[in-house]
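Reviewing the structure listed below.
All chains are named by letter (A, B, ...) in the order of the sequence lines, taking the proteins before the strands, and each is independently numbered beginning at 1.
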Amino acid sequence: AQSVTQPDIHITVSEGASLELRCNYSYGATPYLFWYVQSPGQGLQLLLKYFSGDTLVQGIKGFEAEFKRSQSSFNLRKPSVHWSDAAEYFCAVGAPGLGQLTFGSGTQLTVLP
Amino acid sequence: DSGVTQTPKHLITATGQRVTLRCSPRSGDLSVYWYQQSLDQGLQFLIQYYNGEERAKGNILERFSAQQFPDLHSELNLSSLELGDSALYFCASSVAGHPNSPLHFGNGTRLTVT
């Protein structure tokens, strides 16, 4: 079965600084990879996804993620964080033949003014 | 707005009771998923339906059941409630129900069992 690890429970960055959120997955082949964001009181919103092809994918709100097969990673990045980016971020993995996604435990992002 | 509607937003009930959570998927989406989010367990997949049929089952307790109706809305029934069932319950929908179909989440129903 596939699994997802987000090693950082909480990250604090200053507004304008760069951001990288880590995600490692476990699956025998190339899975489908996703990043979702959850703002307080809201459901999860899809930021970006990777299925195949170019390993650097662009998403909404200026986010990007890079798939690295050798490291089983799919880290989320943003060059300059805005205060509105403060939220919880979830990495998720899906596998062919399975309908549901498996989510990581989430990383809470705090943005300092 | 994801287009997925969940009702009610909040629910407070006592142990031993039964509740029903409702979800209307995004227009055009055939598949509905239920997830439970709690502080200690994170986001746990409960069950998936596709066009009225159960497609996949996750960590769903026997006290819980769900169904998807012909109009594609879904209900999650939780019975014999325990304190540990207090959580945020999310419904999500997707077009095709395949793992490469992005999920669209509702805002959740927060269940508090006292």
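Cluster annotation: Val111(A) is connected to Leu19(A) through the hydrophobic network of ILVMFWY side chains, with a link wherever side-chain heavy atoms come within less than 4.5 Å. If you chain together hydrophobic residues whose side chains sit under 4.5 Å apart, Phe34(A) and Phe90(A) fall into the same group. In this structure, Val32(B) is not a member of the same hydrophobic cluster as Val95(B), with clusters built from ILVMFWY side-chain heavy atoms closer than 4.5 Å. Under the 4.5 Å side-chain heavy-atom criterion for grouping Ile, Leu, Val, Met, Phe, Trp and Tyr, Leu72(B) is not connected to Leu21(B) through any hydrophobic cluster. Hydrophobic clustering places Trp34(B) together with Val113(B) (ILVMFWY residues linked when any side-chain heavy atoms are closer than 4.5 Å, directly or through intermediates).
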task: Test side-chain contact (heavy atoms from CB on, under 4.5 Å) on Phe105(B) and Gln42(A) and set out the steps.
output: CA-CA 9 Å; Phe105(B) 282 80; Gln42(A) 302 290 315; over 6 Å; no
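Looking at Tyr50(B), neither its backbone nor its side chain comes within 4.5 Å of chain A, counting heavy atoms on both sides. Proximity to chain A (any heavy atom under 4.5 Å) is restricted, for Gln37(B), to the side chain, taken from C-beta onward.
Residue with the most contacts toward chain A among Ile47(B), Leu43(B), Leu88(B): Leu43(B) (heavy-atom pairs, distance under 4.5 Å).
Remark: Ser105(A) OG to Asp40(B) CG distance equals 12.0 Å, nearest 0.5 Å. Put simply, CD on Gln100(A) and OG on Ser94(B) are 11.5 Å apart, with the number rounded to the nearest 0.5 Å.
Residues of residues 43-61 of chain A having a heavy atom under 4.5 Å from any heavy atom of chain B, listed by number: Gly43(A), Leu44(A), Leu46(A), Lys49(A), Phe51(A).
Aromatic ring centroids of Phe103(A) and Tyr35(B) lie under 6.0 Å apart.
Judged by distance alone, with hydrogens and angles left aside, the side-chain atoms of Tyr36(A) form a donor-acceptor pair with the main-chain N or O of Leu103(B) at under 3.5 Å.
Within a 6.0 Å radius of NE2 in His10(A), other residues, nucleotides and ligands contribute more than 12 heavy atoms. Within a 6.0 Å radius of CG in Leu39(B), no more than 12 heavy atoms belonging to other residues, nucleotides or ligands are found.
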